[in-house]
Amino acid sequence: MTDSYDPTAVEAKWRARWAERGTNQPDLDRAAKPFYNLMMFPYPSAEGLHVGNLFAFSGSDVFGRFKRLKGYDVFEPIGFDAFGIHSENYAIKIGTHPGELIPRNITNFRRQLERVGGMFDWRHELSTTDPKYYKWTQWLFLQLYQAGKAYKKKAAVNWCPFDKTVLANEQVINGACERCGTMVEQRLLEQWFFRITEYAERLLNNLDRLDWSDTTATAQRNWLGRSEGAELSFEMPAGGGIKVFTTRPDTIFGATFMVLAPEHPLVRQIVTAEHRLDVDRYVRDVKSKDLVSRKVGDREKSGVFTGAYARNPANGESIPIWVADYVLMEYGTGAIMAVPGHDQRDFEFATRFSLPIVRVIAGDGAEAGTPLAEAYTDNVHGRLVNSGQFDGQPVAQGKPAIIRWLESRKSGKGVVQYRLHDWCISRQRYWGPPIPIIYCDACGTVPVPEKDLPVILPPIEDFRPDDSGISPLARHEEWYYVPCPQCGKRARRETDVSDTFLDSAWYYLRYPSTEFDDRPFDPSRTRKWLPVTTYIGGNEHAVLHLLYSRFLAMVLHDLGHIHFEEPFTKFRAHGLIVKDGAKMSKSKGNVVVPDEYIAQWGADTFRMYLMFLGPFQEGGDFRDAGINGPRRFLDKVWQLVSEVSTEPAGGELTKTLVSKWHRTRMKMHDDIESLHYNTAIAALMDLVNQMRENGCREPEMVRDVVVMLSPFAPHFGEECWERLGGKGSVFDAGWPLWDPGLVVEDQVEIPVQINGKTRSKVMVPRDSEEPAVVEAAKRDPTVKRFVDGHEIRKVIYVPNRLLNLLVG
RNA sequence: GCCCUGGUGGUGAAACUGGUAGACACGCUAUCUUGAGGGGGUAGUGCCGUAAGGCGUCGCGGUUCGAAUCCGCGCCAGGGCACCA
């Protein structure tokens, strides 16, 4: 066998072989050791998968193939997240209907994913745009609706008057539409929400027992934004009170005014006649701004006085009530007590409008009367001043003491606030699953009966959004008007579609059950395969996708549909492949298309290269220098395979080599398990180098090299396995076991330090005692030079590690 | 501004619970394969020095027999959040 390695031929052969043999298709009903290896499914863009995507997919695939070698029945499904604004915008831009564009893109993605050698079970491929899929997305909506977890309310959205479309916050750059540059406005529209806030505490607490990347869990914690504080009530002379949330109840004596968000319902009630005009104008002004720039922190404070006053419950003082846009309706109660002495924003506001600033916390060395040049916001150091009976208490004690005092006077209570908002799931767009709701003049809001699902997204020519702020679906009359499911009279459909994140929040549940049309997820399949064993994906989804998925699983669990409430037992975020220091993106023009690399080098070399370039969870900068390294390595292995001995070497192998062999089995196993693919590959290269240096062609060792290489280079592995006379697939060969006794060597090299500096090394038998090692060291000429004529004052010996001699 | 990550040769990177810094690979140098096109083998390759040796993991301090690793204070880069009361 002297033919040279031809990746194109080998890879084509095994792609065909896998398809024909069903190698990648576990028996979902009878699998003995199910392992659900999930990778975040891609959004099928027109450009195809770039190098960064393939890095992520390859890494996930290596893990799946490794688990397969470990004897698991690995289910590695794939699908397409094909609905959404991205697809729709691109379709608008090139003037093609998304219904035409998306299948084309999917075909391309499928080709790429197959070409790179993913162990995908294509029988279970899904697309979120398939009515067979979104039927159940709609069903899910109905489940939430019926459980009272979905509701409708008016909410502000960003609106681009030129593109006549609703924009997501990310699509607004400095207050302007990212596409046309027009200044964006706020519009109030009726929107559907899911009550994710009800689950905030559970979403937070469960994080402690999930095996997730730290960065991801931290990002979720921040997003949930738990704050402990108090809800306090400020009474108004006319009756009624204003509720505020504060994390600093200890500063209440310093509250010199109040601020309401412009949207606060009380604004209209309390404003006095002489201030009405000003307040109305201000509120209108704020509404004309977009949602993003309103929340920019470094803007100059603006606001207006309502003419009304409230009573500070701590000291009874009458304080003015203002309206300002730095207070947001969606957090806390939409109203604050302003403490300019100890909150920078309040300080700026007070300065701008000449409102009194009172110090109620004195930091180290500060006096009660010292004026403030800026807010003193330290909430750890300092003691209360100008605070009546609480004067002198440290902040840490003052906080609970004041809460207790206010509770006893019924003007406040300790509460926990979350930053998380309810999930707005409606989109005034075309390319998504229609929300399955019907509005009837007689019966009100009526859910579409389950038997009528799916509500098919009608194919309409003009899918562009228009000036009305109403989804394009409203223009499709035959679709829009529908008999009411309850009374049969003419009724109207909900014309909004649901958020793409709803599609992707449950796709993992669908994969094992794609062949069932009469249920979203088959109970026994679900019980067998879920929750997902290992999930790998990008950290850009740390909050949205991963949080929404967790929320939906909790709801489905509580409704009795599934047996678990956390969908992803183990989650690992892969690193990002950047190019010239920037994340690959089409707008930056630095996207590297993998196809030509694969055509030139083959998928196996390319996979090896990507996995070798750095730690999988860190990613790295893509440059093609060095891709010939992995290729050379594969050539070397190819040669080993073609030169393999026919007889086992037996006792001829050196102990060092045998030990290296077993160590490699162990190290690669542990490294792959922890996703350290780069060092696993390095270990294998090391073994191969040693075998070549020793002229070793031992059949079992060559066989192991091929097996251990195969997760990274699957086609290559199969081909070599076959050439070595292996039966079936290499992935059924099993990961080679190591003998713990052979992993260590008999002789160890001990570095010898003199006064902490390494001067020499000595070889000693493993587990030598200190005196023996010291003797050996003293015989070493270099050591001798340093030690002779000096007294050894202290010996530090770490067995099998190091010897440190302290000489005087 | 806040919160994460990270900073090691010419390059990508290794380094177990504090114990030989630079594994593995790219590149480079020399040399062999009678010459070539991204071919292969061998040797070398952190820096200074002929050598002995000295200096080296962003900087400055500290803990320790011993620090890339732990602590304090800075600096720089990437990512995320951002008027959240």
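Please read these numbers as outputs of a predicted model, since none were measured by experiment. Values below: every heavy atom of this structure, side chains too, minus hydrogens, waters and symmetry copies.
Contact annotation: A:T758 reaches the phosphate of B:A21 (side-chain N/O to OP1 or OP2, under 4.0 Å). Side-chain N/O atoms of A:S227 include one lying less than 4.0 angstrom from OP1 or OP2 on B:A85. Within the 4.0 Å cut-off from OP1 or OP2 of B:G27, at least one side-chain nitrogen or oxygen of A:N628 is found. Between A:K757 and B:G56 there is no side-chain N or O to OP1 or OP2 distance below 4.0 Å. Look at A:R692 and you'll find a side-chain N or O under 4.0 angstrom from OP1 or OP2 of B:G41. At the phosphate of B:G27, OP1 or OP2 sits under 4.0 Å from a side-chain N or O atom of A:R632. Phosphate contact (OP1/OP2 of B:G54, side-chain N/O of A:R759, threshold under 4.0 Å): present.
Across all strands shown, A:T218 has no heavy atoms under 4.0 Å from either base or sugar-phosphate atoms. No engagement by A:Q417 is indicated, since no non-hydrogen atom pair under 4.0 Å with the nucleic acid exists. The residue A:Q600 sits close to a base: some heavy atom pair falls under 4.0 Å. Among the atoms of the strands shown, base atoms are found under 4.0 Å from some heavy atom of A:K761.
In this structure, of B:C24, B:G19, B:A85, it is B:G19 that holds the atom nearest to the side chain of A:Q753. Closest to the side chain of A:L802, out of B:G19, B:C24, B:G38, is B:G19. The side chain of A:L613 lies closest to B:G12, out of B:G53, B:A14, B:G12. Checking B:C24, B:A14, B:U17 against the side-chain heavy atoms of A:A682 singles out B:C24 as nearest. Closest approach to the A:F245 side chain among B:A85, B:A82, B:G19 is made by B:A85 (side chain taken as heavy atoms from C-beta onward). With distances taken from any side-chain atom of A:L328 to the nucleotides B:C24, B:A82, B:A85, the minimum falls on B:A85. Taking every side-chain heavy atom of A:P615 into account, B:A14 is the closest of B:A14, B:A25, B:U20. Across B:A85, B:A13, B:A52, the shortest atom-to-atom separation from the side chain of A:R785 is found for B:A52.
When the C1' atom is compared between B:C16 and B:U63, the two are found 22 Å apart, to the nearest whole Å. Here, B:U45 and B:C24 have their C1' atoms 15 Å apart, quoted to the whole Å. Spacing between B:G66 and B:A51 at atom C1', rounded to whole Å, works out to 28 Å. For the P atom pair drawn from B:A67 and B:G61, the interatomic distance equals 14 Å after rounding to whole Å. Taking the P atom of each, B:A68 and B:C58 are spaced 10 Å apart, rounded to whole Å.
Side-chain polar atoms of A:N539 and A:T215 form a donor-acceptor pair below 3.5 angstrom. Checking A:E643 against A:Q639 by side-chain atom types alone, a donor-acceptor pair falls below 3.5 Å.
You'll find the ring centres of A:Y609 and A:Y597 outside the 6.0 Å limit.
Glycosidic conformation of B:G9 is syn; the angle stays within 90° of 0.
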Trace of the side chain to side chain contact (heavy atoms under 4.5 Å, CB included) decision for A:V637 with A:F633:
CA-CA 6 Å; A:V637 175; A:F633 175 67; 3.8 Å; yes
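Taking each heavy atom of A:V543 and A:A219 in turn, the nearest pair found is CG1-O, 3.4 Å.
Remark on RNA chain B: of its neighbouring residues A:N678 and A:P751, the 5'-side contact belongs to A:N678, judged by nearest-heavy-atom nucleotide.
Counting heavy atoms from C-beta on, the side chains of A:R248 and A:V339 never come closer than 4.5 Å.
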